[in-house]
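To start, the structure under review is shown below, and the notes come after it.
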Amino acid sequence: MSLIDDLARLEAAASGRARPRATVRHRHLSERPLVFVPLTTAGEAGAPLGALIGTERTSPRLLTVAQPRDRDLRFAFLAQLAEILLPYVESFADDVEAAERTETDPETGKRVKIETELCADAPQLIVPSRAGVEFVRLLGRSMRFRRTAEQDPDAPYPAPPRVPLLGRWLTHYGERSRVPGSALLLAMTDLLSRHWATGQSSLEEQHLGALLAWIEAPDGTSGEAAALRAELARDADGQLLCPPAGPATDPAFDNDLLAPAIERYDRARSALAAAVDGVEADALLASLTAAEREIDALVASRTRPTWDAVWRGLDALCALPEAPSAVDRWRGDRWSFTGHRDRVAAGEPPQPRVDDAVTAASKLATREREQARLDAQEALDDPLVMAGRRLAGEAFAGEVTDVVMAYSEGRSPRPRPLITVRTADRPHLDTGVKVYRSLDGKAQSAQFVTYAVEGEDGESSGAAENSGAAESSGDGDGSLVILRVLDKMGRGKEPDAGSVPEVGDRLCWTLFEHEQRGGPKLPDPEDTPWTHGGPPQSAATPSGGPAPGESPDPVTAEDVL
């Protein structure tokens with residue numbers, strides 16, 4: 001967290017209203033996102049209780065599990081979820097555009113461009129909080145290895161036909177959410193806390209109602225008081241007026257409302273199973289239906305406030321202009337979606353539970369590279385974020401006061417102009433350090449030479465010997481930094497027009513690179529050394545099932561009632 005963020009939090013706490021942490025929206029938002037508000041059963045990890053899901057604000061689809069411990073009812077819930085989510089995902093699969101991609105030629109080892117297709121858009125899934133992202137990942141893990149009756153006629157508990165495919169897609173979304181800057185699977189609390197600072201801790205900001213209370217607090221009211229009401233206010237029956245964003249439920253709701261309703265459902269179902277004649281069965285069926293509707297109403301009462309809060313959060317975010325780099329990162333998400341679509345269409349096995357050494361190293365390197373890339377792009381897109389980097393000494397801005405044309409030594413001299421920049425910032429510069437600025441969307445680099453000493457006539461009349469002169473040089477209006485421009489000036493002896501800063505230009509230079517370099521080349525999975533587990537096992541069995549060591553989840557005590 002930068003000093004700017006700390007200042008924004010202090011201002012929010014003092015004023016009682018959320019303060020902006022960004023001037024643009026740093027994540028892409030789809031025109032038709034799928035909002036998913038899950039609810040789980042307390043005391044049983046991953047057991048779904050219900051959910052609201054849909055792409056229309058006013059008409060969500062309610063899914064419930066009347067008895068979460070019943071495996072058949074859980075499978076029915078997952079089958080309904082697949083009927084809603086998979087058509088939404090597949091609706092983006094056929095709309096494609098031509099694109100070029102760089103790949104390594106297996107014969108020559110050189111990087112070549114190939115013509116391929118890229119999905120024109122990708123499905124976006126939005127959940128209320130970070131816990132919802134973890135639940136999506138858990139659902140994917142619990143489903144992708146399940147076997148259907150068609151795949152394995154001898155499976156003791158076959159899953160509905162489309163459930164394993166849903167598990168593969170949710171696993172892909174869960175893995176993609178770990179890539180910094182990705183927008184395929186987003187948590188609304190993380191989105192809002194990225195763009196607004198409140199007087200709460202990061203843990204308290206995972207309560208969506210409390211976070212929105214700070215952002216939506218009207219003039220003259222306190223966001224702190226509104227957030228406190230959102231967290232603690234209860235009705236006459238002792239139930240929270242603003243239920244938590246889920247997927248966990250409030251203990252008072254579990255004990256006072258949900259548990260008695262499920263008990264009535266169990267009694268009605270047992271009585272119906274023991275009915276001896278049709279007239280009695282009809283009456284008991286009506287009782288069972290009433291018990292199911294009661295549970296539906298309870299689940300809807302806990303999820304609908306969160307559903308509305310997610311859409312209000314989307315309204316607040318859409319009021320911000322989209323950052324230019326967010327479009328490029330969304331293109332990376334489209335590539336990711338297209339690649340998984342192709343793997344599913346090719347009949348590849350599900351993702352393994354544990355990655356091999358090469359895949360794990362590649363994922364880690366990708367996440368580190370994307371994090372550095374995200375940090376750089378957000379700073380370049382947003383002056384407020386750049387201000388934090390400037391305060392940290394990682395960038396500086398100022399006015400060009402002098403330009404001296406110089407050339408490199410050698411048989412073919414190249415332009416290497418020296419520019420002097422007056423800045424009030426205090427960057428961490430040493431002789432020879434490279435700095436960068438954005439020029440027509442590309443990074444132009446320069447090399448720090450020294451600090452200049454300003455004479456009485458207002459012109460630089462010498463150079464300081466080391467960076468320690470930064471504090472003593474100048475007249476209180478800032479330091480004079482001398483830079484040598486190194487590239488992006490064309491191929492001729494004279495620089496291209498506009499490639500060299502002019503006197504009076506205000507520029508921002510960064511000490512961090514704008515584009516990240518690739519990491520070391522990793523061996524092929526087949527060449528994994530024995531110190532890292534050796535080569536992975538065969539990718540799939542002859543029957544098309546999971547790879548050896550990746551069999552479906554074993555039956556546990558929770559699966560048998």
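Values in this document were obtained by computation on a predicted structure and should not be read as measured data. For the numbers below, each heavy atom of this structure counts, side chains included, while hydrogens, waters and symmetry mates do not.
- Of the possible polar contacts, none joining the S182 side chain to the V179 backbone as a donor-acceptor pair under 3.5 Å is found.
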For this session: Apply side-chain contact (heavy atoms from CB on, under 4.5 Å) to the pair R19 and L7, showing each step before the final yes or no.
Result: CA-CA 10 Å; R19 304 298 296 171; L7 293 174; over 6 Å; no

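- Going from atom CG of L284 over to atom CG of L272 covers 6.0 Å, rounded to the nearest 0.5 Å.
- Between R334 and D121, no side-chain nitrogen of the basic residue sits less than 4.0 Å from a carboxylate oxygen of the acidic one, so the salt-bridge criterion is not met.
- Side-chain atoms of H28 and E322 form a donor-acceptor pair, as typed in the model, at a separation below 3.5 Å.
- Looking only at distances, a side-chain donor or acceptor of R74 sits under 3.5 Å from a matching main-chain atom of P68.
- With hydrogens and angles disregarded, no donor-acceptor distance shorter than 3.5 Å links the side chain of Q206 to the backbone of L203.
- Closest non-hydrogen pair, W214 versus A227, comes out as NE1-CB, 3.4 Å.
- When atom types are taken as modelled, the side chain of R168 and the backbone of P164 share no donor-acceptor pair closer than 3.5 angstrom.
- Between the side chain of R144 and the backbone N or O of Q351, at least one donor-acceptor pair lies under 3.5 Å.
- Distance check: E292 CD to R269 CZ gives 9.0 Å after rounding to the nearest 0.5 Å.
- A donor-acceptor pair under 3.5 Å is absent between the side-chain atoms of W330 and the main chain of S325, judged by distance alone.
- Taking the side chain as every heavy atom from C-beta outward, E231 and P244 never approach each other to under 4.5 Å.
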Exercise. Checking side chain to side chain donor-acceptor pair (under 3.5 Å) for the pair T189/H207: CA distance, chi angles, key distance, verdict?
Worked result: CA-CA 7 Å; T189 52; H207 191 295; over 6 Å; no

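- Shown here is E224, whose CD atom has no more than 12 heavy atoms of other residues, nucleotides or ligands within 6.0 Å.
- The closest side-chain heavy-atom distance from V35 to W311 is below 4.5 Å.
- In terms of heavy atoms, P60 sits closest to W307 at CB-CZ2, 3.4 Å.
- Considering only residues two or more places apart in sequence or on other chains, I84 meets the side-chain contact (heavy atoms from CB on, under 4.5 Å) condition with I53, R61, L63.
- One N or O on the side chain of S15 and one on the backbone of E11 form a donor-acceptor pair closer than 3.5 Å.
- Counting heavy atoms from C-beta on, the side chains of P247 and L39 never come closer than 4.5 Å.
- Ionic pairing of E90 and R341 is not present here: no N-O contact between side-chain nitrogen and carboxylate oxygen is shorter than 4.0 angstrom.
- The shortest non-hydrogen separation linking P33 to I126 is CB-CD1, 3.8 Å.
- The SG atom of C119 sits 12.0 Å away from the NE2 atom of H340 when rounded to the nearest 0.5 Å.
- Side-chain N/O atoms of D333 and Q124 include no donor and acceptor closer than 3.5 Å.
- Considering only heavy atoms from C-beta on, T148 stays 4.5 Å or farther from V163 through its side chain.
- A distance-only check finds a donor-acceptor pair linking the side chain of R137 to the backbone of G174 [under 3.5 Å].
- Salt-bridge check for R267 with E263: passed, with a basic side-chain N closer than 4.0 Å to an acidic carboxylate O.
- By the 4.5 Å heavy-atom criterion applied to side chains, L85 and Y173 are not counted as neighbours.
- More than 12 heavy atoms of other residues, nucleotides or ligands lie within 6.0 Å of CZ in R234, so this atom counts as buried by the packing criterion.
- Screening L184, T171, L185 against R176 for a side chain to side chain contact (heavy atoms under 4.5 Å, CB included) leaves a single residue, L184.
- Listed by first and then second residue, the salt bridge (Lys or Arg N to Asp or Glu O under 4.0 Å) pairs involving residues 25-40 are R27-E378 (not counting sequence neighbours).
- Side-chain N/O atoms of D382 and H26 include a donor and acceptor closer than 3.5 Å.
- In this structure, the side chains of L29 and L191 come closer than 4.5 Å at one or more pairs of heavy atoms.
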Problem set entry | side-chain contact (heavy atoms from CB on, under 4.5 Å) between T338 and T116, intermediate numbers included | CA-CA 10 Å; T338 305; T116 184; over 6 Å; no

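- The closest side-chain donor-acceptor pair between R69 and T41, if any, does not fall under 3.5 angstrom.
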For this session: Let me see the working for L298 and F253 under side-chain contact (heavy atoms from CB on, under 4.5 Å), right down to the final yes or no.
Result: CA-CA 9 Å; L298 289 175; F253 168 76; 4.0 Å; yes

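- Salt bridge present: D315 and R57 bring a charged side-chain N and a carboxylate O closer than 4.0 Å.
- Using a 4.0 Å cut-off between a side-chain N of Lys or Arg and a carboxylate O of Asp or Glu, R162 and E83 do not qualify as a salt bridge.
- Side-chain N/O atoms of Q239 and D250 include no donor and acceptor closer than 3.5 Å.
- Between L139 and the choices L166, T40, L78, the side chain to side chain contact (heavy atoms under 4.5 Å, CB included) rule is met once, by L78.
- To the nearest 0.5 Å, the span separating NZ on K363 from CD on E368 amounts to 14.5 Å.
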Problem set entry | Pair L86-L165, side-chain contact (heavy atoms from CB on, under 4.5 Å): steps then yes or no | CA-CA 8 Å; L86 287 179; L165 179 59; 4.1 Å; yes

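- A distance of 8.0 Å separates CG in L49 from CD1 in I295, rounded to the nearest 0.5 Å.
- At least one side-chain heavy atom of F36 sits less than 4.5 Å from a side-chain heavy atom of L81.
- Side chain to side chain, Q377 and R329 meet the donor-acceptor criterion of an N or O pair below 3.5 Å.
- Counted by atom type alone, T198 and E205 present one or more donor-acceptor pairs between their side chains at under 3.5 Å.
- In this structure a side-chain-to-backbone donor-acceptor pair under 3.5 Å is missing from R146 to P158.
- By the 4.5 Å heavy-atom criterion applied to side chains, H195 and V24 are not counted as neighbours.
- Geometrically, R101 engages W335 in a cation-pi contact defined by less than 6.0 Å to the ring centre and at most 45° from the axis.
- Here D308 pairs with R304 in a salt bridge; the nearest charged N to carboxylate O distance falls below 4.0 Å.
- Aromatic ring centroids of F337 and W169 lie under 6.0 Å apart.
- Within 6.0 Å of CG in D235 there are more than 12 heavy atoms belonging to other residues, nucleotides or ligands.
- One side chain, T359 or D356, offers a donor N or O that lies under 3.5 Å from an acceptor on the other.
- Atom-to-atom distance recorded for L384:CG and T23:OG1 is 6.5 Å, nearest 0.5 angstrom.
- The shortest non-hydrogen separation linking A323 to D381 is CB-OD2, 3.6 Å.
- Salt bridge R373/E370: present, at least one basic N to carboxylate O contact under 4.0 Å.
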